[in-house]
Amino acid sequence: MTSKDNILQVAEDIFYQKGFALTTIRDIADKAKMNNAVVNYYFGSKENLYLAILKKIENALNSICIKRDIPENDIVVKEFIINSLKEVCLQYKVFHIYLKEQSQYSSVATEN
């Protein structure tokens, strides 16, 4: 696992436990056994790190979207729903973070 992947995994756990507002870069760096500068090197800010985690749910759901016309077929729709739910279950922490974000006022999105 790369340092960047480690940071993402640790940040996901801490954001899941504490939420965005109560999580600090220091919390993430300490649990990842790195210094703050490494976290900032990869992500630039807590906001960018948070957005990278939220991007995981978007990527997960996009990976199962059917990229062609869906025929009027119950089996295809059923498969899509089942695959979507499986992906959400695999990414449950990120999905939880996403739902929390949607239920609160959002901060301004930042770019990497």
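Keep in mind it's a predicted model, so treat the numbers as computed, not measured.
- By the 4.5 Å heavy-atom criterion applied to side chains, Phe15 and Leu49 are counted as neighbours.
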Can you give each donor-acceptor pair under 3.5 Å made by side-chain atoms of residues 32-41, sequence neighbours left out, with the distance rounded to 0.1 Å?
from  : atom 1 : to    : atom 2 : distance (Å)
Asn35 : OD1    : Ala37 : N      : 3.0
Asn35 : OD1    : Val38 : N      : 3.1
Asn40 : ND2    : Asn36 : O      : 3.4

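- Annotation: the span from Leu54 atom CG to Glu12 atom CD amounts to 10.0 Å, rounded to 0.5 Å.
- Exactly one of Thr24, Leu22, Ile28 qualifies for a side chain to side chain contact (heavy atoms under 4.5 Å, CB included) with Ile14. That residue is Ile28.
- Here the side chain of Lys4 pairs no donor or acceptor atom with the backbone of Tyr42 at under 3.5 angstrom.
- Separating the NZ atom in Lys31 from the OG1 atom in Thr23 is a distance of 10.5 Å, to the nearest 0.5 Å.
- Closest heavy-atom contact between Phe43 and Ile7: CE1-CG2, 3.6 Å.
- Across Ser45 and Ile25, no two heavy atoms sit closer than the pair C-CD1, 4.3 Å.
- Residue pairs satisfying the salt bridge (Lys or Arg N to Asp or Glu O under 4.0 Å) criterion with at least one member in residues 13-30, sequence neighbours excluded, are listed as follows: Asp13-Lys93, Lys18-Asp27.
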